[in-house]
Amino acid sequence: MFDALSELFGSPIIAAFVSAIVPLVFIVPFVIIAVYMERKVAGHMQDRLGPMRVGYHGILQTVADFFKLLQKEDITASSIDKRFFNVAPFLVFAGSYAVYAALPFTSSMLGSKIDIGLFFIVAASGLVVAGILMAGWSSNNKYSLYGALRSAAQIVSYEIPTIIVILSVVMFTRTLSLAEMSEMQTAYFWNWNIFGGAEWNLTKLLITPFMMIAFLIFYISSLAEVNRTPFDMPEAESELVAGYHTEYSGIKFSMFFLAEYANMFAVSAIAVAIFLGGYQSPFGYVGNLIGAEWLVQVEQLFWFISKGMFFVFVQMWLRWTLPRVRVDQLMTICWKYLIPYSFVNLIIIGIITLI
Amino acid sequence: MKTEELILNMGPQHPSTHGVLRLELELEGEVVNKVTPHIGYLHRCFEKHAEAMTYPQVIPYTDRMDYLASMYNNFGYVIGVEKLLGIEVPERVQYIRVIMGELQRIASHLVALGTYGLDIGAFTPFLYLFRDREKILTLFEITCGARLLYNYMWVGGLSHDLHPDFVRLTREFIKYYRPNITELNNLLTFNKIFVERTANIGVLPAETAINYGISGPNLRASGVKFDLRRNDPYSIYDRFDFEIPVGEGMMGTVGDCWDRYYVRVLELEQSLRIIEQALDQLPEGDVQSAIPKRIKPPVGSVYTRVENPKGELGYFIISDGSVNPFRVKVRAPSFVNLSIINELSRGHLVADIVAILGSIDIVLGEIDR
Amino acid sequence: MRQYFINTWEGIWTVLVGMRITFGHLFTPAVTIQYPDVKVPLPERVRNRLYVNIDDCIGCDQCSRACPVNCIEIETVKSLPTEDLGTTSNGKKKALWVTKFDIDIAKCCYCQLCVFPCPTDCIYMTDVYEFSEYDRNDLIYNFSTLKPEESAEKKANFEKLRLEKEAQKLAAAKAKEEADAKKAAEIKKEDSSKTE
Amino acid sequence: MKKAQEIFDILKSEFDDAIISISTETPTEPMISVDPLKICGVSLFLRNNTELQFDSLMNLSGVDDANGEKGKVESDLDLITGGTLSVYYHLHSTKINHKITLRVSAPRENPEVESVESIWKTANWHEREAYDMYGIKFLNHPDLRRILMPYDWDAGYPLRKDYKSPEYYHGMKIPY
């Protein structure tokens, strides 16, 4: 996308700027829709109606809330560490925003076609930890501090199973680029990585169950990485009030909020890109059938977003079903269950790939 | 390096202290060394008020102690005053009181279970249980006109007779409600995460429980088969066939948080059974025939206790022969049950404090009175 | 080791069971309603805002005495013998002007204890439950229909009557005293005359 | 199951002068009066004796007997002088299923009662409450602080019959 844009504007600087803006154009409406969806899903799962007042079936509720948050007074307690306190929400958002640079929305629409896309994503999302730690520490609040420290431990631990699973997929596909990976899973859904890739042979048959396990592990640990229930330790409402963002209000709070939802989509999108064909349609393209090149792009965007949204929905579904694990159990799940399983899985996938 | 204990104030404004309770936690990392509860934020001088009221006027005040089980608070008080007066109440009144009391027990347990789920982090079961509780409150509303603070049971009788539709609606409710217990079990009780959070946490041995005066479901969860409805029957509870569920340590140790939770789930079914039997045997009659015109008990004192949903609710009433009680002391079950929190939580994590506090099911209105 | 796999399996299975239940509820109709637009029909015995039918009130003060929170304030003035206040709907004769019948609904605890002792059933609870106000003083309901000047007049009337009566009584007493004195004097006289 | 009279006899033979009397009139439950400074030993005996086994303290309540002289000291304040404050203990045995009520009375001016906290932990908070409301001092209580009232409440003990609520608390007007 960057190349096309620099041709269009004739200047790489403007092109870089524009292509950096593009994800924001996606994220803000996405967050508004996702928050609305979260409330509606929660409402209907709990035999309620959810928001109904603002607009038809409350469709403008989050827009109204967004404006309310913008207007709110920015309360800062007197004994906080001002510098860190102010920077933290933006750092958290920057971390989750950076991930979008390497996400392939369609075959041509992606921020950067870097070859080490996956590696970049893993590294960039680590930035979030720093932001959360800063927020927790600078708030000068014991609950915030607990939330932040829990969160740091949690995110760092859960990177490990995530990376191991990514490694096993990388071993299989032999590329670190998300764009390339998505391209390889073309045409029909049985060509997706979760079903053993595009080649029809014995390997495909053998590898499918292990890929499914890998997907499950990836999805669980990604839940932990974005602090969603059942792993929402850092902001465990009933214990830590609101965790690391207890002291935040107004626009800074909404940055955390934005980051959380942006993150939700990001991890779902990564899961989709590496396991479920990325932007590829499960049943071939109408655009190819009628020979319209632009339609293919639109379809790809549709499939990518709808697959991503589906997993965002599953995250919500889990959130409104499950209780929360305790902080030591969180670590148990990671170190005693997910990591051994993912290691064994890595070895098995490695062996199968070698055959 | 110098290290010291971290003092963390949990409450009075905290999402999971079930009201305005302040727990002062002494922490070492996330491990709790000592819990000091500070209560009294909701103190409304019930006992002082009662001394200035006439006997019937105290009843609306009893409603406001354990506001989740108002019917049962009325129940205990009127039994006490009736014992002082030495009057017999008609059969129909007895049956209606039992039906109301058991419905109230279900309603109270539903809140206890729901908020417990909420403490552990499961939001949805809470709303499912509240949905069913609303149905019970509607039954109360058609009977006496109020949803929460009933003033329904009077000394010697009841404020209203049953609504003509009450029996039918209650039967419908029982039929509707039975399957929901299974749903709750599938959704929350046997959920692996929930079990892990609650099993083996806050284990309360039977000896300690008795010594601390713990009562109600909390005592039974420790394996003590003690229920005032069976062991010290009041009203007409000796006529019904029901079981007393006790904690068996199905998921961990006997007397842990999961047991305390599960005993309440099992009691739902037993209460439904009692209501069914009472509805079958319900006699006809006048519910207000025994109400004395002027309530002026003779000099004396009486201690009555009933099995409130939270535990043993006792009223110690002293009469000096005037129209006002000389002294009404309430032995509030939550007050006694809360005193064990330090014993239970030592050595657990902060998150477990929430689980333990939820499992002993306190109502601050009753603790502070 | 076996426990390890059982734990894993239970973890996944019970989560799936829970998810099935919540997914089912996604399609059941909601039990909540859109409150100000839709309202639940209230049962007939419902206990909400107190109402006093002042035409029927005989000013007996029983409701005020039954109230555990003292939210009812009643002041009455005796009527003059010449005034006819009429009867209540159930045939009781009224004898008192109710100059003040205030209910502080903010204090009311909706216990319904005031309703039962009323001999004319004129105080009762209605099904109105939306009566919030911007000013706390608006929550004190004045049920007395007498205007302040009217009640002042009644008070003055009664006071006049009372004074008159007192004066009469005083006069009567005086007269009696005088008569007594006279009598005593006469007796004395007689006695003295007798002794003479 | 033991009758109140039997329990009284057992106690009387064991403790002699510490046990004062028994009252059995209705509707009052049978009640044994005990010396306030010997209640701890009596309680220990009641709990540990194999025939009695009172393992549970149902209720402990302080009571202002208001049996002293009522005198008008100031304009409208009825101050009670003399008389007693009482503590009632309602005991129950979960094993034998019998009940008894103990009563101790201490002089109003210096109400001192032995604590039974070491015997029944239930007593801990109940004694704190009795202290808070009546100012009864429980000797050997490990943590005798106010419980329902603010810790720095210095206007007396509210459930005493002659209590008069102060007008100000920390500069805040009390009767709203």
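Side-chain atoms are counted along with the backbone in the values below, which use heavy atoms only and exclude waters and symmetry mates. Here is how names work: the chains are called A, B, and so on, in the same order as the sequence lines, proteins then strands, and each is numbered from 1.
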Is B:Leu357 close to chain A through its backbone or its side chain, or both, or neither, when contacts mean heavy atoms under 4.5 Å? neither
Using a cut-off of 6.0 Å, state whether more than 12 heavy atoms not belonging to A:Trp317 lie near its atom CH2. yes
Would you find more than 12 non-hydrogen atoms of other residues, nucleotides or ligands less than 6.0 Å from A:Phe66 atom CZ? no
Quick check: under 4.5 Å, non-hydrogen atoms only, which of residues 45-53 of chain A neighbour chain B? A:Met45, A:Gln46, A:Asp47, A:Arg48
For B:Arg197, side chain to side chain donor-acceptor pair (under 3.5 Å) partners two or more places apart: none
Would you say the side chain of A:Lys142 lies within less than 4.5 Å of the side chain of B:Leu27, judging by non-hydrogen atoms? no
Looking at every non-hydrogen atom in both residues, tell me the closest pair between A:Pro323 and B:Ile193 and how far apart they are. O-CG2, 3.8 Å
Side chains of B:Phe194 and A:Leu322, heavy atoms from C-beta outward: is any pair under 4.5 Å? no
Starting from the C-alpha separation in whole Å, work towards a yes-or-no answer on side-chain contact (heavy atoms from CB on, under 4.5 Å) for A:Tyr143 and B:Met10. CA-CA 10 Å; A:Tyr143 288 110; B:Met10 205 164 134; 3.7 Å; yes
Does any backbone or side-chain atom of B:Leu188 lie under 4.5 Å from a heavy atom of chain A? Answer side chain, backbone, both or neither. side chain
Just wondering, are more than 12 heavy atoms of other shown residues or ligands nearer than 6.0 Å to CD in B:Glu172? yes
Could you tell me which of B:Leu127, B:Thr124, B:Leu349 has the largest number of non-hydrogen atom pairs under 4.5 Å with chain A? B:Thr124
Please check if atom OH in B:Tyr176 has more than 12 non-hydrogen atoms from other residues, nucleotides or ligands closer than 6.0 Å. yes
Counting heavy-atom pairs under 4.5 Å to chain A, which of B:Asn9, B:Val350, B:Leu6 comes out on top? B:Leu6
Does B:Glu196 use its side chain to pair, donor to acceptor, with the backbone of A:Gln329 at less than 3.5 Å? no
Heavy-atom contact with chain B under 4.5 Å, split by part of A:Thr321: both
Between B:Asp352 and A:Arg326, is there a side-chain heavy-atom distance shorter than 4.5 Å? yes
Select one option (side chain, backbone, both, neither) describing which atoms of A:Val327 are under 4.5 Å from chain B's heavy atoms. side chain
